[in-house]
Amino acid sequence: MGSTTSKSQRGRGVIESYRAFLLLSASAPVISLGEGNTPLIYCPQLTKRIGRDCEVFVKNEGMNPTGSFKDRGMTVAVSKALERGASALICASTGNTSASAAAYAARTGIPCIVILPAEKIATGKLVQAFAYGAKIVAIDGNFDDALRIVRHLGESGDFVIVNSINPDRIAGQKTAAYEIVDEVSDAPDFQLLPVGNAGNITAYWAGYREYHAHKKSTKLPAMIGFQAAGAAPIFYNRIIEKPETIASAIRIGNPASWKQACAAIAESRGAIEVVSDEDIVAAQNWLARHEGIFVEPASAAPIAGLLKSCNSSEKVYALQKIPEASRIVCTVTGHGLKDPDLIIQQMKKLKSIPATTTDVRRAIGL
Ligand code: F0G
């Protein structure tokens, strides 16, 4: 396992980088778009806000081939599906899973069916699924309804389900935790991430635990998950029938990996927290303007939590007592350009001016 992170393997996709950990047979086809190896970015402004000699990093999963962390799981799920002779893929999605499934299906030449909640998918993600040639079905229901239907259709054996209820997805997504440990030579003290269907928090925890068992890290992080206040079933400990949030990626009321997420939180002495839509939008703007990292609203949820914890009048219990000199990693899960509608609303309409230096000088206030 010694050579799992050699430089020559970087950029070749998560299967080639971490094959020994992914239990792929030597004969399995590798369907990759060069996912993974995403930047772990030190954030000086966030670090300054937190103080206490801490260090804050952002793991920018928006830098994956389809702009979200889903690609890590999809390469493994689609490769294994192909090995087993799959003839079609199917998924429910709030947008990113469908974009990723459609791309990897396109590379294999097998069809991909995506079931989406009508009018609740960010424009960029819908455009991606369409561009990659998926068969798109919009339903009058939410993500939880879509996943219920996908589970039924999967029972027929005609399709391989590539949602995170497929363990191959979780296996692939563990590689983000491996990368973090490889890059900073140990696990962080805190791992923050947004929670929707709860597959990713489950995968990260499994990844950290495995790497720890292989003595690649000396410690395990506290896993802190963030849900949007209107879609926070784990936080409130009840199914939310009609989840609502502007962070459409995590608009989920009955997460499939609920139990596994609770186990990850309990075992790691972590926590689940909520943030309001208002805080999410503010954090999305703040991160873009202070660190140069533009993420989609769901991805701003952990940043919102971190920023709130710096304000002593606010209550983010899990982050109130971050010990001195902690290393904190926030995973931002999807690229900002996938879901630009909120930002577009903030923009004033641009009016053109005459093409002269004088006019341009005046326009920029010189
Ligand atoms: N962030 C983004 C950008 C997502 O797209 C998702 C989930 C999450 C966070 C939450 O991850 O579900 O593993 O807890 N998106 C799924 C989808 C549901 O269909 O694209 P999770």
Side-chain angles (χ1 to χ4, degrees), residues 38 59-64 66-74 77 90-103 112 114-117 120-122 124-126 128-129 134 136 142-147 150 161-166 169-170 172-174 176-177 191-207 223-228 231-235 243 245-262 264-265 272 275 280 284 294-304 330-339:
T38 55
K59 177 73 168 161
N60 190 359
E61 290 289 276
M63 299 304 283
N64 275 298
T66 75
S68 88
F69 70 98
K70 306 286 181 178
D71 297 340
R72 292 179 184 277
M74 210 54 77
I90 193 165
C91 66
S93 186
T94 57
N96 282 323
T97 296
S98 53
S100 184
C112 177
V114 304
I115 317 283
L116 308 172
K120 295 292 182 186
I121 302 296
K125 301 175 190 177
L126 193 55
Q128 286 180 292
I136 302 171
N142 58 31
F143 170 83
D144 303 296
D145 298 316
L147 187 56
V150 162
I161 300 175
V162 291
N163 281 103
S164 58
I165 55 173
N166 178 337
R169 276 276 315 278
I170 303 287
Q173 285 172 209
K174 289 189 299 191
Q191 170 67 58
L192 278 54
L193 73 182
V195 173
N197 213 24
N200 212 27
I201 191 168
T202 303
Y204 267 72
W205 181 235
M223 304 293 299
I224 319 283
F226 290 87
Q227 300 195 298
I234 302 178
F235 181 82
T245 168
I246 46 120
S248 59
I250 52 172
R251 188 173 167 272
I252 294 175
N254 188 9
S257 299
W258 191 326
K259 273 200 198 120
Q260 296 90 321
C262 288
I265 290 159
I272 189 87
V275 283
I280 287 174
Q284 183 192 27
F294 180 32
V295 301
E296 66 166 281
S299 304
I303 307 295
C330 287
T331 293
V332 295
T333 42
H335 200 287
L337 287 174
K338 281 171 168 280
D339 188 358

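Every number for a ligand or one of its atoms is a count from 1 in the order of the listing.
- Taking every heavy atom of Val195 and a limit of under 4.0 angstrom, the matching atoms of ligand 1 come to 14 (O).
- For ligand 1, the atoms closer than 4.0 angstrom to any heavy atom of Ser93 are 17 (C), 19 (O), 20 (O).
- Looking at ligand 1, you won't find any N or O of Phe143 less than 3.5 Å from one of its N or O atoms.
- Geometrically, ligand 1 and Thr94 share a nitrogen or oxygen pair separated by less than 3.5 Å.
- Taking every non-hydrogen atom of Asn96 and a distance limit under 4.0 Å, the qualifying atoms of ligand 1 come out as 2 (C), 3 (C), 4 (C), 5 (O), 20 (O).
- Residue Gly199 has at least one heavy-atom neighbour below 4.0 Å for each of these atoms of ligand 1: 13 (O), 14 (O), 21 (P).
- Screening Gln128, Lys338, Lys70 for a side-chain hydrogen bond (donor to acceptor under 3.5 Å, both in side chains) involving Asn96 leaves a single residue, Lys338.
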Let me have the donor-acceptor pairs involving side chains of residues 194-204, under 3.5 Å, with sequence neighbours excluded, atom names and distances please.
from   : atom 1 : to     : atom 2 : distance (Å)
Asn197 : OD1    : Ala256 : N      : 2.9
Asn200 : OD1    : Gln173 : NE2    : 3.0
Thr202 : OG1    : Ala198 : O      : 2.7
Tyr204 : OH     : Thr331 : OG1    : 3.0

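- Considering backbone and side-chain N/O of Asn200, one or more are found under 3.5 Å from N/O of ligand 1.
- From the protein, the heavy atom lying nearest to atom 11 (O) of ligand 1 is Phe69 CZ, 3.5 Å.
- The nearest heavy-atom contact from the protein to atom 16 (C) of ligand 1 is Lys70 NZ, 2.8 Å.
- With salt bridges taken as basic N to acidic carboxylate O contacts below 4.0 Å, one links Glu61 and Arg72.
- Checked against a 3.5 angstrom limit, the closest N/O atoms of Thr333 and ligand 1 fall inside it.
- If you number the atoms of ligand 1 from 1 as listed, the ones under 4.0 Å from a heavy atom of Thr97 come out as 16 (C), 17 (C), 19 (O), 20 (O).
- Side chain to side chain, Lys59 and Thr38 meet the donor-acceptor criterion of an N or O pair below 3.5 Å.
- Under the 4.0 angstrom criterion for non-hydrogen atoms, Ile252 is in contact with ligand 1.
- Interface atoms of ligand 1 facing Ile250, defined by a heavy-atom separation under 4.0 Å, are 8 (C), 9 (C), 10 (C).
- For the ligand labelled ligand 1, residue Ser164 lies outside the 4.0 Å heavy-atom shell.
- At least one heavy atom of Ala198 lies less than 4.0 angstrom from ligand 1.
- Near Asn197, meaning under 4.0 Å from one of its heavy atoms, ligand 1 places the atoms 12 (O), 14 (O), 21 (P).
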